Amino acid sequence: MNSFRKSSTGTEGFRRELGLFDSTMIVMGSMIGSGIFIVSADISRTVGAPGYLLLVWFLTGLITVSAALSYGELAGMMPHAGGQYVYLRQAYNPLTGFLYGWTLFLVIQTGTIAAVAVAFAKFTAVIIPSLGEQNILLNISGFKVSAAQVFAIFSIALLTFTNIQGLRLSKIVQDIFTISKTAALFGLIIVAVLFGSSREAISQNMQHYWDALWLHPAGSGFEKEALSGMKLLAAIGVAMVGSLFSSDAWNNITFTAGEVKNPRRNIPLSLVIGTGTVIILYIVANMAYLMVLPLQGDPGGAGAMQRGIQFALDDRVGTAAISVVWGEVATVIMAALIMVSTFGCNNGLILAGARVYYAMAQDNLFFKGAGKLNKNSIPQAALIFQAVWASLLCLSGTYSNLLDYVIFAVLIFYILTIYGIFILRKKRPDAERTYRAFGYPVVPVIYMVIAAAICVDLLIYKPSYTWPGMFIVILGIPVYYLWERLKKKESV
């Protein structure tokens with residue numbers, strides 16, 4: 001009978017305190033950030049029609065839920081700290097697992113934490129202007145540090161400190177903020193539909209429901225490109241970058257598997273329930289936007305209706321939709337909602353990410369201190385390493401570019417992980433599988449085909465989103481062998 005190497009996924013010392021509800025809150029809370037209130041503007045400029053806006057979100061939901069259904073099998077087989085890192089290590093080799101963990105620490109997790117923290121600070125500044133990006137606190141030879149950056153770092157430090165105190169406090173914070181922001185998003189949808197629904201917007205959207213147009217920046221305006229055939233498919237793929245990032249981080253619950261009660265049951269269930277609920281909310285939210293605002297608009301429009309979804313001020317579609325109902329006060333209401341949303345999102349990201357570095361350290365592929373638990377059964381050093389690097393990314397201001405760069409790598413790692421199901425069924429046919437991938441092999445294949453098509457699309461139409469990300473991943477190869485060499489020297 002095959003067994004998985006416990007030293008690479010060690011869960012000794014962790015306390016299993018996360019139930020099904022808590023696990024689902026981590027899935028949902030890590031997914032819902034600020035994206036759902038913003039990215040539909042850029043998607044609308046890329047596909048240009050209400051029908052295709054909804055199709056982009058539907059396809060995003062399809063592949064996200066498909067991936068979650070497939071991950072359930074891996075989570076059931078390997079219910080240990082580290083999640084996706086462990087799956088890749090076991091299906092392929094230690095190098096593949098390291099490259100994922102390396103990219104996660106360098107950009108994916110920490111870059112997302114930095115981006116979400118800065119978004120939290122930016123929307124806090126709507127209520128407290130002194131915390132804005134315009135308030136420069138330090139300027140040394142052109143290197144500027146704003147109040148928003150400092151406040152973002154403070155929020156990371158606060159959540160890291162909270163997580164160090166123990167899992168019980170962390171999960172309470174996660175549960176409260178996820179419930180709050182889910183209820184608020186649902187409330188936004190209800191208010192928009194019941195009180196903001198516009199016959200003018202609905203009529204205009206129906207007239208142009210499938211009139212696909214790609215708006216390309218040109219000077220001070222935009223050039224319109226009619227879409228059909230392969231070009232339309234290309235535009236849909238490019239547009240999905242934003243919706244995929246807004247729906248990402250659902251796999252974070254697998255990182256915390258060593259702390260989940262009955263993980264073989266609760267992790268697969270939380271993945272399906274969490275991703276399914278969020279995707280439904282996202283699609284319905286976009287339907288609400290289309291009932292309130294026309295999709296097509298004028299960048300120089302005087303108001304929200306004239307600017308449409310495409311040109312909502314600062315891409316804040318949620319704020320534009322609510323402003324139709326509540327006017328200027330909508331800005332403050334949405335700022336408060338996004339503050340709650342981003343703060344809760346970062347708690348889940350910070351909580352989960354450190355468990356990957358813990359698992360890597362157990363394999364001697366990360367700093368040794370990260371592989372130790374404190375008196376509260378928490379990987380304290382791993383949390384601190386993560387917080388320091390994420391804070392440096394906040395100061396650098398490069399996190400947004402880095403996240404754009406790694407979307408290609410993120411999709412590649414997802415494809416590899418799901419293909420790992422096929423590999424492990426051959427390599428370890430006798431391993432315990434309390435849950436088998438739903439619709440195997442069709443559902444996993446659907447995900448891999450769609451994700452691969454998006455990757456090809458990005459290679460052709462967004463090369464700046466692909467090669468830099470792959471360079472970051474490849475840079476991990478010499479680092480891995482250097483780490484292995486140092487490890488051998490220490491053991492002599």
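Below, each value reflects all heavy atoms present in this structure, side chains not excepted, and no hydrogens, waters or symmetry copies. As the structure is a prediction and not an experimental result, all values here were calculated from the model.
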**Request:** Applying ring pair (Phe, Tyr, Trp, His ring centres under 6.0 Å), run through Tyr358 and Phe255 and close with a yes or a no.
**Result:** CA-CA 10 Å; Tyr358 167 85; Phe255 302 164; over 10 Å; no
Quick one: does [X]'s side chain get under 4.5 Å of [Y]'s, heavy atoms only?
X	Y	value
Asn135	Leu131	no
Ile43	Trp57	yes
Glu328	Ser323	no
Phe343	Val116	no
Val272	Phe438	no
Ile454	Ile63	yes
Ile189	Leu281	yes
Pro294	Ile309	no

Take a 6.0 Å sphere around [atom1] of [X] and say whether it holds more than 12 heavy atoms from other residues, nucleotides or ligands.
X	atom1	answer
Phe422	CZ	yes
Met287	CE	no
Lys224	NZ	no
Trp467	CH2	no
Phe471	CZ	no
Trp483	CH2	yes

Atom pair [atom1]/[atom2] of [X] and [Y] - distance to nearest 0.5 Å:
X	Y	atom1	atom2	result
Ile412	Thr103	CD1	OG1	11.5 Å
Leu383	Ile350	CG	CD1	8.0 Å
Thr178	Asn347	OG1	CG	8.0 Å
Leu424	Leu74	CG	CG	6.5 Å
Ser40	Leu293	OG	CG	11.0 Å
Thr331	Ile322	OG1	CD1	11.0 Å

**Prompt:** Hey, what's the ring geometry for Phe120 with Phe151, parallel, tilted or perpendicular (30° and 60° as the breaks)?
**Reply:**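 Judged by the thresholds at 30° and 60°, the geometry between Phe120 and Phe151 is parallel.
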**Request:** Kindly assign one of parallel, tilted or perpendicular to the pair Phe105 and Tyr357, based on the angle between their ring planes and the thresholds 30° and 60°.
**Result:** perpendicular
Looking only at atom types and distance, does a side-chain atom of [X] sit under 3.5 Å from a main-chain N or O of [Y], one as donor and one as acceptor?
X	Y	value
Gln310	Gly297	yes
Lys181	Gly29	yes
Arg307	Phe311	yes
Ser270	Ile267	yes
Asn93	Leu95	yes
Gln149	Ser146	yes
Ser341	Gly33	yes
Tyr282	Ser246	yes
Gln174	Gly348	yes
Thr46	Ala239	no

**Prompt:** When you look at Leu271 and Val65, which way does the side-chain contact (heavy atoms from CB on, under 4.5 Å) test go after all the steps?
**Reply:** CA-CA 8 Å; Leu271 283 167; Val65 175; over 6 Å; no
**Prompt:** Can you check salt bridge (charged side-chain N to carboxylate O under 4.0 Å, His left out) on Asp315 and Arg45, steps first, answer last?
**Reply:** CA-CA 11 Å; Asp315 285 355; Arg45 291 193 294 270; 3.0 Å; yes
Does the separation of the ring centres of [X] and [Y] fall below 6.0 angstrom?
X	Y	result
Trp102	Tyr480	no
Tyr85	Phe366	no
Trp250	Tyr414	yes

Exercise: identify the closest heavy-atom pair between [X] and [Y]:
X	Y	answer
Ser70	Pro444	OG-CG, 3.5 Å
Val473	Ala409	CG2-CB, 3.7 Å
Leu395	Phe143	O-CE1, 3.9 Å
Thr342	Ser34	CG2-CB, 4.0 Å
Ala235	Leu227	CB-CD1, 3.6 Å
Ile156	Cys394	CD1-SG, 3.8 Å

For the residue pair [Y] / [X], report whether a side-chain donor-acceptor contact shorter than 3.5 Å exists.
X	Y	result
Thr254	Asn251	no
Gln84	Tyr71	yes
Ser243	Thr60	yes
Gln296	Asn205	no
Gln306	Asp298	no

**Asked** Yes or no on side-chain contact (heavy atoms from CB on, under 4.5 Å) for Ile38 and Val317, after CA distance, side-chain angles and deciding distance?
**Response** CA-CA 5 Å; Ile38 297 171; Val317 180; over 6 Å; no
**Request:** Please test Met334 against Arg316 for side-chain contact (heavy atoms from CB on, under 4.5 Å), starting from the C-alpha separation and ending with a verdict.
**Result:** CA-CA 9 Å; Met334 285 301 303; Arg316 297 177 185 178; over 6 Å; no
**Asked** Considering the options Phe413, Tyr92, Tyr87, which one meets the ring-ring contact (aromatic ring centres under 6.0 Å, His included) requirement together with Tyr100?
**Response**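 Result: among Phe413, Tyr92, Tyr87, Phe413 is the only option passing the ring-ring contact (aromatic ring centres under 6.0 Å, His included) with Tyr100.
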**Request:** In sequence, state the C-alpha distance, the side-chain angles, and the governing distance for Tyr481 and Phe98, and then conclude on side-chain contact (heavy atoms from CB on, under 4.5 Å).
**Result:** CA-CA 10 Å; Tyr481 285 108; Phe98 175 81; over 6 Å; no
**Request:** May I ask you to establish whether Arg425 and Tyr440 are in a cation-pi arrangement, using a distance under 6.0 Å from NZ or CZ to the six-membered ring centre and at most 45° from the ring axis?
**Result:**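 Yes, cation above the ring, under 6.0 Å and within 45°.
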**Message:** Go through it in stages, so that I can follow the logic: the residues are Asp457 and Lys462, the test is salt bridge (charged side-chain N to carboxylate O under 4.0 Å, His left out), and I'd like the CA-CA distance, side-chain angles, deciding distance and then a yes or no.
**Reply:** CA-CA 8 Å; Asp457 193 26; Lys462 290 283 185 178; over 6 Å; no
